[in-house]
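Since the structure comes first, as structure tokens, the remarks are kept for the end.
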Amino acid sequence: MKFVHKINFFIYSSKWLSFFNCLACRYGSTWIRVERTREQHTLDLHMGTPWETVQLTALGRNKEMYFRILEEARQMALKQHEGKTIMYQAMGSEWRQFGHPRKRRPISSVILDDGISERILKDCQEFISNPTWYTDRGIPYRRGYLLYGPPGCGKSSFITALAGELGFSISVLNLSERGLSDDRLNHLLSIAPQQSIVLLEDIDAAFVSREDTAQQKSAYEGLNRVTFSGLLNCLDGVASSEARMMFMTTNYIERLDPALIRPGRVDLKEYIGWCSPSQIEKMFLRFYDGENAQSHAKEFREKVVSFNKNVSPAQLQGFFMFHKHSDPKEVIDSCKMIWEL
Ligand SMILES: Nc1ncnc2c1ncn2[C@@H]1O[C@H](COP(=O)(O)OP(=O)(O)OP(=O)(O)O)[C@@H](O)[C@H]1O
């Protein structure tokens with residue numbers, strides 16, 4: 001009996017790969033012959049995934065065994081990534097995992113102004129748990145988010161933590177990448193990994209307005225690149241039976257063309273701004289504990305606010321790291337340094 005299956009997810013499991021490298025192996029009491037063939041053109045242009053056939057052949061009538069093997073491999077691969085967030089990036093016409101899966105960042109470790117974190121998380125959870133609401137109304141099952149605000153205030157960190165909380169991976173797309181054409185973008189979005197947040201960072205850097213300046217035109221002469229209308233078409237086309245969440249970030253919302261962020265393309269916009277007094281206090285408590293931590297945190301907050309200057313969580317983090325071993329009193333006294341590091 002011969003059973004042939006195109007096994008994509010085996011490719012992710014290194015243990016199984018080495019298992020399949022041998023010509024024959026034993027599964028329980030059954031000997032299985034294993035043949036791996038990589039097609040000459042290694043890309044399946046339709047699916048955008050490396051195309052490989054693993055053919056398992058065994059004597060007997062037990063088809064169930066093959067399904068058990070697949071399920072075991074799937075479970076092993078899932079276990080490897082338990083508690084981790086996988087990042088993907090676009091390579092050619094496919095998505096590739098980059099770096100090792102990262103330990104999930106707790107969402108509570110990203111301190112945003114009151115209510116923001118909860119609002120976005122609730123929106124995502126509601127979206128994921130309600131596919132029929134969309135299909136019943138003929139609305140594409142996707143949701144767009146825009147996080148905007150000054151640098152170092154937690155946009156990227158929050159998206160990473162959110163993905164961990166939802167058990168999603170992150171697929172990062174760089175729209176400014178030379179050679180990324182409208183077709184390739186469309187293709188990549190349509191085959192983005194399942195259960196993955198698609199992240200378009202610094203969206204303002206790719207498009208300033210609908211019309212390119214003459215300077216931009218000549219800089220890209222001869223190179224494929226994404227056009228603004230191409231991007232809009234791709235965003236509108238991104239629909240899937242899986243929840244498709246797309247996050248965009250920018251430091252300059254005012255530079256974005258209104259067409260890009262209109263409802264339907266961006267459904268939820270959140271400003272992630274400079275630290276509010278309560279954020280300053282919470283950031284302090286993340287780094288210092290002890291008996292008088294609460295009163296120290298209040299004192300620190302008053303002192304920082306008294307400077308009447310904008311401060312980002314990244315600036316505070318840098319300052320606290322500099323004062324890793326300092327006494328809280330010393331930290332409070334030297335907070336002028338926040339803007340000097
Ligand atoms: N709200 C926050 N709570 C906790 N840590 C934060 C927060 N904001 C920023 N940080 C820390 O500051 C660093 C930079 O943050 P991050 O990259 O998320 O900022 P960003 O808003 O995405 O910046 P940019 O706009 O430059 O991409 C990270 O190390 C992160 O841990």
Side-chain angles (χ1 to χ4, degrees), residues 84-85 87 89 98-99 102-124 144-166 168-177 197-208 245-256 260-261 266 268-289 293 297 300-301 304-305 309-324 331 335 337-341:
K84 308 245 172 87
T85 305
M87 308 286 288
Q89 67 181 355
F98 75 91
R102 301 170 187 189
K103 200 165 169 281
R104 281 184 192 168
R105 179 173 180 161
I107 207 156
S108 58
S109 76
V110 186
I111 297 159
L112 302 184
D113 207 1
D114 297 340
I116 297 181
S117 184
E118 294 75 10
R119 197 156 50 239
I120 304 175
L121 178 62
K122 188 164 165 261
D123 190 281
C124 293
Y145 298 84
L146 176 73
L147 304 188
Y148 64 99
C153 291
K155 296 179 291 299
S156 309
S157 309
F158 179 75
I159 295 167
T160 311
L162 177 74
E165 181 75 24
L166 298 171
F168 272 47
S169 60
I170 301 180
S171 305
V172 187
L173 254 179
N174 177 5
L175 289 183
S176 314
E177 186 195 309
I197 287 176
V198 176
L199 174 58
L200 308 180
E201 279 199 300
D202 299 323
I203 187 96
D204 55 279
F207 304 102
V208 174
M245 288 187 291
M246 165 124 19
F247 273 77
M248 301 183 207
T249 66
T250 180
N251 297 135
Y252 309 100
I253 190 174
E254 67 285 356
R255 293 188 188 169
L256 299 181
L260 180 61
I261 54 174
V266 170
L268 188 71
K269 302 182 189 82
E270 286 288 353
Y271 173 68
I272 312 289
W274 305 111
C275 283
S276 67
S278 86
Q279 269 175 285
I280 297 173
E281 203 173 312
K282 285 181 194 153
M283 285 291 291
F284 182 93
L285 289 170
R286 247 190 77 211
F287 285 83
Y288 304 97
D289 46 17
F300 179 76
R301 156 191 168 154
V304 175
V305 170
K309 283 185 185 172
N310 289 331
V311 62
S312 69
Q315 278 174 306
L316 285 182
Q317 180 177 286
F319 172 72
F320 294 143
M321 281 165 72
F322 186 82
H323 281 289
K324 205 160 38 181
V331 176
C335 70
M337 255 179 82
I338 294 172
W339 295 275
E340 292 165 3
L341 285 174

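In each ligand, atom 1 is the first atom listed, and ligand 1 is the first ligand listed. For this chain, numbers begin at 1 and follow the sequence in order. Given the structure is predicted, the values throughout are model-derived calculations rather than measurements.
- Looking at atom 11 (C) of ligand 1, its nearest protein heavy atom turns out to be Gln317 OE1, 3.3 Å.
- Taking 4.0 Å as the cut-off, Arg286 counts as a neighbour of ligand 1 on heavy-atom distance.
- Considering backbone and side-chain atoms together, Glu201 places no N or O closer than 3.5 Å to any N or O of ligand 1.
- Listed by number with element, the atoms of ligand 1 under 4.0 Å from a non-hydrogen atom of Asn251 are 25 (O).
- Remark: ligand 1 and Gly154 share an N or O pair separated by less than 3.5 Å (distance only, no angle test).
- A distance of 10.0 Å separates CD of Glu270 from CG of Leu146, quoted to the nearest 0.5 Å.
- The two residues Thr160 and Ile170 make their nearest non-hydrogen contact at CA-CD1, 3.6 Å.
- No part of Gln315 comes within 4.0 Å of ligand 1, judged by heavy-atom distances.
- For ligand 1, the polar-atom distance check finds an N/O of Gly152 within less than 3.5 Å of one of the ligand's N/O atoms.
- Of the heavy atoms in Thr249, none comes closer than 4.0 Å to ligand 1.
- Residue-ligand proximity, Arg105 to ligand 1, at heavy-atom distances under 4.0 Å covers atoms 4 (C), 5 (N), 30 (C), 31 (O).
- Residues passing the ring-ring contact (aromatic ring centres under 6.0 Å, His included) test with Tyr145, sequence neighbours excluded: Phe247.
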With side-chain contact (heavy atoms from CB on, under 4.5 Å) as the criterion, how do Leu316 and Phe300 come out once you've worked through the C-alpha distance, each side chain's angles and the decisive distance to 0.1 Å? CA-CA 11 Å; Leu316 285 182; Phe300 179 76; 4.0 Å; yes
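- A donor-acceptor distance shorter than 3.5 angstrom exists from the side chain of Gln279 to the backbone of Ile111, with no hydrogens or angles considered.
- Other residues, nucleotides and ligands place no more than 12 heavy atoms under 6.0 Å from the CZ atom of Arg102.
- Protein heavy atom at the shortest distance from atom 30 (C) of ligand 1 is Ser157 OG, 3.3 Å.
- For ligand 1, the atoms closer than 4.0 angstrom to any heavy atom of Leu112 are 1 (N).
- The residue from Leu175, Val266, Ile253 that alone fulfils the side-chain contact (heavy atoms from CB on, under 4.5 Å) condition with Ile203 is Leu175.
- Looking at Pro313, Ser156, Ser108, Ala314 and measuring to atom 14 (C) of ligand 1, the nearest heavy atom belongs to Ala314.
- In this view, Lys324 satisfies the salt bridge (Lys or Arg N to Asp or Glu O under 4.0 Å) rule with no residue, not counting sequence neighbours.
- Among the atoms of Cys153, some N or O lies under 3.5 angstrom from an N or O of ligand 1.
- A donor-acceptor pair under 3.5 Å links the side-chain atoms of Thr249 to the main chain of Asp202, judged by distance alone.
- At a 3.5 angstrom cut-off on N or O pairs, Asp202 does not count as close to ligand 1.
- Closest to atom 3 (N) of ligand 1 by heavy atom, among Leu316, Ile111, Asp113, Thr250, is Ile111.
- Dense packing is recorded around CZ of Phe98, with more than 12 heavy atoms of other residues, nucleotides or ligands lying under 6.0 Å away.
- Within ligand 1, the atoms closer than 4.0 Å to a non-hydrogen atom of Val110 are 1 (N), 2 (C), 3 (N), 4 (C), numbered from 1 in the order shown.
- Formation of a donor-acceptor pair under 3.5 Å by the Lys155 side chain with backbone atoms of Ile272 is not found in this model.
- Close to ligand 1: Ser109, with a non-hydrogen atom less than 4.0 angstrom away.
- Ranking protein heavy atoms by distance to atom 26 (O) of ligand 1, first place goes to Pro151 CB, 3.4 Å.
- Under 4.0 angstrom from ligand 1, the non-hydrogen atoms of Lys155 come from both its backbone and its side chain.
- A donor-acceptor pair is defined here as one N or O able to donate and one able to accept, closer than 3.5 Å; no such pair exists between the side chain of Trp274 and the backbone of Lys309.
- Not close to ligand 1: Lys282, with no non-hydrogen atom less than 4.0 angstrom away.
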